[in-house]
K.L.:
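Have a look at this one before I ask anything.
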Amino acid sequence: MSTRLTAAIMVDSLEQGLADAARAAEFGADLVEFRIDRFTDSADAVAQLVQRSPLPCILTCRPTWEGGEYAGDDATRLAILEQVLTSAHPPTYIDVELLAWQKSAELRDRLQPLVQGDQAATGLILSSHDFERRPADLYKKIQAMADEPACRVIKVAWFARSLRDNLEAFEILASQYKPAIALCMGEFGLPSRVLAKKFNALLTFAAIDDTSGTAPGQPTLTEIKQLYRWDHLTPSTQVFGVIGFPVGHSLSPRLHNAGFDAINYDGVYLPMPIPPEYEHFKATVGTWLDFSPLHFRGASVTIPHKENLLRFVAESGGKIEQLSQTIGAANTLIRTGDGAADIEAINTDYAGALDAVCDGLGISREQLKGKRVAVIGAGGAARALVAGFAGYGSTVVIYNRTIERAQAIAQQFDGKVGKVVAAPLEKLADTCCEVFINCTPMGMHPKVNATPLPGDQPPACWGPGTVVFDTIYNPAQTKLLKLAKQAGCVTIAGKEMFIRQGAAQFERWTGQAAPRKAMAAAMVDG
Ligand code: NAP
């Protein structure tokens, strides 16, 4: 049976529980979990909830000692479960903690006859949760659940400390002889929740909306269905992602998943948070590539990992395109085969930015020759853009807070074709360039009131005929662009570059033309 999408519902009243279950059915859930931790005054009301639910349900009353909210006594909880299980409309599953099952002979004696055997109307989920870390005795717990004859489903959930935890969840799903649920909680655990279907879990949980989740890191039903392509996931789905830190704000999952949808490609694209240090990058990307059932085929790489990507690919014996080597940063990882060295790093920021400016001005790349371009910032994006504009003969001035970084880039690219010089950020006010490009994160969500301009003052030369391009795409209209518009400048939003650099990645990963219209529409919707 296909993995069931399960809406997790914390119940406070019969009406609210049923209303939420109806919404879950509307959103396309297959199952609901009624968490009755706070709804234990009347066993009759719980029985009603189960009976009138529009979807099959799991009934769970999670005690505080296992991370739930039920603080009552064991006898009350047991009496409720027993009454509902012996009613004319029992739930499809009940969830009981392994520890409770092991500790209480009374609980076992009274529930076992109601759940044991394939003919029982209700299946027993034995579960174990750790809200801090992967438990040291994880496999001992799984074995105990597997050995318990009354247990129909094994459930383990723990707080993930890194993306690598997800791989262990997938291994657990692959190796059990009973149906299983293996989930990682927290921001690193999203892959285990989305890819539960790829690895044939019994179910995954999702929240009805942003405020109603029952565990950290639960996506909403809409996210999992529409953004992460739930209905299309199969065991052979190819996995892609955006590697960064933080990465929750990234619009890349929307861009690429919309692209997969439009061409019916068996792929899914996930956020991949990896802490900044190279060792984290190397360990995570290395293990994800090694784990062949995952079919991890590529990634977009953003702040702060663009240099780490080059180092990783070089150390793995993979291929680095010449341009990325020159720029000193890459933004795309491509898997070209199954060997450890079958990986490639490329940079699509360069082409994305050049084309965004040229399309915005209605000119060809060749017509960039002689244009005076101010690049603000001297990080990975700036370096790519300087290489691009100087390569087409523009005169580039790099304005940066740390002048030494601007000088280093200027030294590298000056005279290759166009002229490149460095200047301190404060000098921006006096400049006379025709094109301005922000390559700093100043103004990016959530600091939307910031600009890279000293004192937030537009340069005196701004006016009609000046082009201001902000590489930031979230928000779509940054404060810098608003100021530029007020001054009469032509403005180009970061999403123009974003869509173009993403389309170039998409084409390398899939070998197919990127459905640019659908990808652009996915950006507009949000
Ligand atoms: P990066 O390597 O971290 O470089 C960031 C640059 O911003 C550095 O030069 C840094 O100056 C400067 N900076 C940071 N905070 C500053 C502050 N408070 N005041 C003044 N300067 C500051 O980042 P990156 O990879 O180049 O990316 C930069 C931006 O490009 C990001 O905002 C990203 O959204 C955008 N981007 C957009 C796209 C797209 O498709 N639209 C693609 C790639 C990047 P110091 O040298 O002094 O530290």
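Residue numbers start at 1 and run along the sequence shown. Values below: every heavy atom of this structure, side chains too, minus hydrogens, waters and symmetry copies. What you are looking at is a predicted structure, and each value in this text was computed from that prediction instead of being measured. Just so you know, ligand 1 is whichever comes first in the structure, and atom 1 is the first atom listed for that ligand.
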K.L.:
Does NZ or CZ of Arg193 lie under 6.0 Å from the centre of the six-membered ring of Phe205, at an angle within 45° of the ring axis?
P.N.:
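Arg193 over Phe205 ring: no.
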
K.L.:
Are Phe260 and Phe240 an aromatic pair by the rule of ring centers under 6.0 Å?
P.N.:
yes

K.L.:
Looking only at the side chains, is there a donor atom on one of Tyr350 and Ser324 sitting less than 3.5 Å from an acceptor on the other?
P.N.:
no

K.L.:
Begin with the C-alpha distance, continue with both residues' side-chain angles, and end with the deciding distance and a verdict on salt bridge (charged side-chain N to carboxylate O under 4.0 Å, His left out) for Arg35 and Glu69.
P.N.:
CA-CA 9 Å; Arg35 285 281 300 271; Glu69 296 187 39; 5.8 Å; no

K.L.:
Could you tell me whether Lys319 and Asp342 have a side-chain N and a carboxylate O separated by less than 4.0 Å?
P.N.:
no

K.L.:
I'd like a table of the close N/O pairs between ligand 1 and the protein (anything under 3.5 Å), one pair per line with both atom names and the distance.
P.N.:
{"residue": "ligand 1", "atom": "2 (O)", "partner": "Gly380", "partner atom": "N", "Å": "3.0"}
{"residue": "ligand 1", "atom": "9 (O)", "partner": "Ala378", "partner atom": "N", "Å": "2.7"}
{"residue": "ligand 1", "atom": "9 (O)", "partner": "Gly379", "partner atom": "N", "Å": "3.4"}
{"residue": "ligand 1", "atom": "9 (O)", "partner": "Asn400", "partner atom": "OD1", "Å": "3.0"}
{"residue": "ligand 1", "atom": "11 (O)", "partner": "Asn400", "partner atom": "OD1", "Å": "3.3"}
{"residue": "ligand 1", "atom": "18 (N)", "partner": "Arg401", "partner atom": "NH1", "Å": "3.3"}
{"residue": "ligand 1", "atom": "26 (O)", "partner": "Gly380", "partner atom": "N", "Å": "3.1"}
{"residue": "ligand 1", "atom": "26 (O)", "partner": "Ala381", "partner atom": "N", "Å": "2.7"}
{"residue": "ligand 1", "atom": "30 (O)", "partner": "Thr471", "partner atom": "OG1", "Å": "3.1"}
{"residue": "ligand 1", "atom": "32 (O)", "partner": "Thr440", "partner atom": "O", "Å": "3.3"}
{"residue": "ligand 1", "atom": "40 (O)", "partner": "Phe498", "partner atom": "N", "Å": "3.3"}
{"residue": "ligand 1", "atom": "41 (N)", "partner": "Thr471", "partner atom": "O", "Å": "2.7"}
{"residue": "ligand 1", "atom": "41 (N)", "partner": "Gly494", "partner atom": "O", "Å": "3.1"}
{"residue": "ligand 1", "atom": "46 (O)", "partner": "Asn400", "partner atom": "ND2", "Å": "2.8"}
{"residue": "ligand 1", "atom": "46 (O)", "partner": "Arg405", "partner atom": "NH1", "Å": "2.8"}
{"residue": "ligand 1", "atom": "47 (O)", "partner": "Arg401", "partner atom": "NE", "Å": "3.0"}
{"residue": "ligand 1", "atom": "47 (O)", "partner": "Thr402", "partner atom": "N", "Å": "3.2"}
{"residue": "ligand 1", "atom": "47 (O)", "partner": "Thr402", "partner atom": "OG1", "Å": "2.5"}
{"residue": "ligand 1", "atom": "48 (O)", "partner": "Arg401", "partner atom": "NH2", "Å": "3.0"}
{"residue": "ligand 1", "atom": "48 (O)", "partner": "Arg405", "partner atom": "NH1", "Å": "3.4"}

K.L.:
Go through the steps for Tyr265 and Gln512 under the test side chain to side chain contact (heavy atoms under 4.5 Å, CB included), then give the verdict.
P.N.:
CA-CA 10 Å; Tyr265 187 82; Gln512 300 189 44; 3.8 Å; yes

